Amino acid sequence: MTAPALPVELFDLVIFGGTGDLAVRKLLPALFHRYVDGQIQPGSRIIGVAREGLDDDGYRNQVRSALNGAAAKQGDQLDAFLQLVKYRPLDARKDAGWDEFAQLMGECPDHVRVFYLSTSPDLFVDICQRLGGYGLNQGQSRVVLEKPIGHDLASANRINDDVGRVFAESQTFRIDHYLGKETVQNLLALRFGNALFEPLWNAGHIDHVQITVAETLGVERRGPYYDHAGALRDMVQNHMLQLLCMVAMEPPSSLSPDAVRDEKLKVLHALKAINETNASQLTVRGQYRAGVGEGKSVPGYIEDLNSTSKSKVEHSSTETFVALKAEIANWRWSGVPFYLRTGKRLAERVSEIVVAFKPVPHSIFTASAGPLAQNRLVLRLQPDEGVKLWLTIKHPGPGGLRLRHVPLDMSFAEAFGVQQPDAYERLLLDVVRGNPTLFMRRDEVEAAWNWADPILAAWAAGGEAPRPYTSGTWGPSAAVALIERDGRTWDEDFEQ
């Protein structure tokens, strides 16, 4: 039985960048779904802010179009939801409109205020300074910062320092939507709610861990941003390190926000350095070329980049694929490699964590029974969230003992009979509640950049171009060599 969804208190949620891709594709649908489930009370307000010269009705029409698929069977509820939606045209760097915006916010002084900065990071400080100048940072006010927070440690510290002069750390929510995914939450339940796994969750029993975040799409409309970021900054430094921390952290004393985040921080501090001395052995970066994606011909990265950028380029050193081998220098994980890979225009869209256990120390079975495979715990984050535990059993029937490797398979949608909420649905309401457990603390951001910066510096110093790979494949062949020289292979049993 599904637990009832409890309403949150009345709030004003302001989306800076309210006409942007993230707001239209993720944030507004997430809020609508929470409204349909009864968690958002009438009287709350959702305010889109952007530079476009729209009024309330014009913005509501945009929201209606964005929600058309999600709200096909909920017309009356959509109309009611749209009455919560307002719009104000603002430029973060200009004075016009801010007096009127402050007046609008002052109409509901008792509401929780959430300012979601779905903008370029170079606007974070300007927006926060203006919010502080109008006193909108007082009381139950919170600010949500989208990644990336800076492009290196120094720039991240500047942003955090400047935002911190307006909003206290307790008011600042650095969002990583991967931490809101149901499977990531279930990792905590699997590890710390069952006696089965935690005694085995260490170097004595686990052979290695793989974390894959693969996309079939290219850079799309994000080309200009992506060419200044690359896969390491865009995915590894935040999303993938957070997943690694959830797998590797010690049991927290409780689920209180700081207890969980303290343990994640210890993992980040324990990561072995990757720098100029070993980056060539422990990392692979690539860049996609033209090929076939999702059954059709697709262009390469440079062609995609030129289709979205005003200035044309002939080559780029930006990586669209990263594979690396990380290790954690502590007692629990000493000697256990963590293989991470992420990329665009890969063979399938999939995000999963694979925990591969060590093989049995001695086989009592004859060769005719078949090979013994390692037990694997597979946590699928997308597209179909669920958990698989791969076991070896006897194939039923006469004719001798024959071994089969089969999964105990649990799909969340099938097991619970409900549509799993999007990660943003959980995280947005956690901000309203003031619960920072699933958000990054400042010292986590700093520790992640401390580990990532030397990798970026090593690549820059080496001067080697990203390795080309054909769209629709699993990346450069060097990524296969990275794991296979250790006698292991990437898990790609996605169809099973």
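Keep in mind that this is a model prediction, so the values were computed, not measured.
- Annotation for Arg433: atom CZ counts as buried by contact number, over 12 foreign heavy atoms lying within 6.0 Å.
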Kindly determine whether Val322 and Trp459 satisfy side-chain contact (heavy atoms from CB on, under 4.5 Å), including the steps that lead there.
CA-CA 12 Å; Val322 173; Trp459 289 347; 3.8 Å; yes

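- Here the CG atom belonging to Leu90 is positioned 9.0 Å from the CD1 atom belonging to Ile127, to the nearest 0.5 angstrom.
- Atom-to-atom distance recorded for Leu427:CG and Lys26:NZ is 11.5 Å, nearest 0.5 angstrom.
- The existence of a salt bridge linking Asp161 and Arg442 is confirmed by a sub-4.0 Å separation between a basic side-chain nitrogen and an acidic carboxylate oxygen.
- Side-chain contact check for Tyr225 and Ser120: no donor-acceptor pair (N or O, by modelled atom type) lies under 3.5 Å.
- Using modelled atom types, one finds a donor on one side chain and an acceptor on the other under 3.5 Å when comparing Arg341 with Thr212.
- Contact check for Leu131 versus Trp98: side-chain heavy atoms found under the 4.5 Å cut-off.
- Arg64 and Asp79 are joined by a salt bridge, as a carboxylate oxygen and a charged side-chain nitrogen come within less than 4.0 angstrom of each other.
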Does Tyr339 form a side-chain contact (heavy atoms from CB on, under 4.5 Å) with Leu324? I'd like the steps, not just the answer.
CA-CA 6 Å; Tyr339 299 100; Leu324 59 86; over 6 Å; no

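- Residue Met246 comes nearest to Leu179 through the heavy atom pair CG-CD2, 4.0 Å, listed as atom of the first residue, atom of the second, then distance.
- When all heavy atoms of Ala447 and Leu265 are compared, the closest pair comes out as CB-CD1, 3.9 Å.
- Within the 3.5 Å criterion, the main-chain N or O of Asp152 finds no donor-acceptor partner in the side chain of Asp453.
- With a 4.5 Å cut-off on side-chain heavy atoms, Pro436 and Arg261 count as touching.
- At a cut-off of 3.5 Å, with distance as the only test, no side-chain donor of Tyr87 or Asp57 sits close to an acceptor on the other residue.
- Aromatic ring pairs are classed by plane angle as parallel below 30°, tilted from 30° to 60° and perpendicular above 60°; the pair Tyr424 and His177 is parallel.
- The backbone N or O of Pro299 lies less than 3.5 Å from a partner atom in the side chain of Arg345, making a donor-acceptor pair.
- Using modelled atom types, no side-chain atom of Glu52 and backbone atom of Thr19 make a donor-acceptor pair closer than 3.5 Å.
- Ring pair Tyr35/Phe81 is tilted by interplanar angle, where 30° to 60° counts as tilted.
- Evaluated for a side chain to side chain contact (heavy atoms under 4.5 Å, CB included) with Phe32, the options Ile40, Leu78, Asp37 yield exactly one hit, Leu78.
- The backbone N or O of Ala290 sits nowhere less than 3.5 Å from a side-chain atom of Ser471 that would complete a donor-acceptor pair.
- At distances below 3.5 Å, at least one donor-acceptor pair connects side-chain atoms of Asn194 with backbone N or O atoms of Leu190.
- Atoms CG and NZ, from Asn186 and Lys181 in turn, are 13.5 Å apart once rounded to the nearest 0.5 Å.
- To the nearest 0.5 Å, the span separating OG1 on Thr318 from CZ on Arg233 amounts to 8.5 Å.
- Remark: Leu84 CG to Ile46 CD1 distance equals 5.5 Å, nearest 0.5 Å.
- You'll find the side chain of Val14 stays beyond 4.5 Å of the side chain of Leu136, heavy atoms only.
- Heavy atoms only, all atoms of each residue included: Leu428 and Ala30 are closest at CD1-CB, 4.1 Å.
- Residues Met249 and Val260 are in side-chain contact: their nearest non-hydrogen atoms beyond the backbone lie under 4.5 Å apart.
- Contact annotation: the side chain of Leu27 approaches that of Leu22 to within less than 4.5 Å [non-hydrogen atoms, C-beta and beyond].
- Taking OH of Tyr59 as the start and CG of Asn61 as the end, the distance is 12.0 Å to the nearest 0.5 Å.
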Step by step, work out the side chain to side chain donor-acceptor pair (under 3.5 Å) result for Glu220 and Tyr226.
CA-CA 10 Å; Glu220 309 302 311; Tyr226 197 92; over 6 Å; no

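- Proximity of the aromatic rings of Phe321 and Tyr469 is defined here by a centroid distance below 6.0 angstrom, and this criterion is met.
- Using a cut-off of 4.0 Å between Lys/Arg side-chain N and Asp/Glu carboxylate O, Glu444 and Lys264 are scored as salt-bridged.
- Applying side chain to side chain contact (heavy atoms under 4.5 Å, CB included) to Lys147 and the options Gln242, His239, Arg174 leaves one that passes, His239.
- More than 12 heavy atoms of other shown residues, nucleotides or ligands fall within 6.0 angstrom of atom CD in Glu107.
- Side-chain polar atoms of Asp227 and Tyr301 form a donor-acceptor pair below 3.5 angstrom.
- Gly150 and Ile159 make their closest contact through N-CD1, 3.6 Å (heavy atoms, listed as atom of the first residue, atom of the second, distance).
- By the 4.5 Å heavy-atom criterion applied to side chains, Gln140 and Pro109 are not counted as neighbours.
- There is a side-chain donor-acceptor pair under 3.5 Å between Ser351 and Gln382.
- Ion pairing between Arg113 and Asp12 fails under the 4.0 Å rule for side-chain N and carboxylate O.
- Shown here for Arg426 and Leu438, the closest heavy-atom pair between the two residues is CD-CD1, 3.8 Å.
- In this structure the side chain of Arg142 reaches within 4.5 angstrom of the side chain of Val112, judged on heavy atoms.
- No donor-acceptor pair closer than 3.5 Å links the side chain of Arg349 to the backbone N or O of Ala214.
- Proximity of a side-chain donor or acceptor of Gln41 to a complementary backbone N or O of Val8 within less than 3.5 Å is detected.
- Between the side chains of Asp258 and Ser256, no donor N or O sits under 3.5 Å from an acceptor N or O.
- Formation of a donor-acceptor pair under 3.5 Å by the Gln287 side chain with backbone atoms of Pro466 is not found in this model.
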Under the side-chain contact (heavy atoms from CB on, under 4.5 Å) rule, what do Leu232 and Ile455 come out as? Steps first, then yes or no, please.
CA-CA 9 Å; Leu232 188 86; Ile455 302 175; 4.2 Å; yes

Please report the C-alpha distance between Leu123 and Arg93 in whole Å, then the side-chain angles of each, then the deciding distance to 0.1 Å, and finally whether the side-chain contact (heavy atoms from CB on, under 4.5 Å) criterion is met.
CA-CA 8 Å; Leu123 294 177; Arg93 290 172 172 155; 3.5 Å; yes

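- Annotation for Phe16 and Thr119: closest pair O-CG2, 3.4 Å, computed over non-hydrogen atoms.
- Using a distance-only test at 3.5 Å, with no hydrogens or angles considered, no donor-acceptor pair links the side chain of Arg45 to the main chain of Leu13.
- For the pair Tyr288/Thr470, no side-chain contact is recorded, criterion being any heavy-atom separation below 4.5 Å from C-beta on.
- The pair Glu215-Lys344 counts as a salt bridge, with a side-chain nitrogen and a carboxylate oxygen less than 4.0 angstrom apart.
- Of the candidates Glu425, Arg34, His33, Arg34 is the only one forming a side-chain hydrogen bond (donor to acceptor under 3.5 Å, both in side chains) with Gln39.
- Ionic pairing of Arg88 and Asp56 is present here: one or more N-O contacts between side-chain nitrogen and carboxylate oxygen are shorter than 4.0 angstrom.
- Using modelled atom types, one side-chain atom of Gln171 and one backbone atom of Ala168 make a donor-acceptor pair closer than 3.5 Å.
- Side-chain contact of Trp449 with Ser155: a donor-acceptor pair under 3.5 Å is absent, judged by distance alone.
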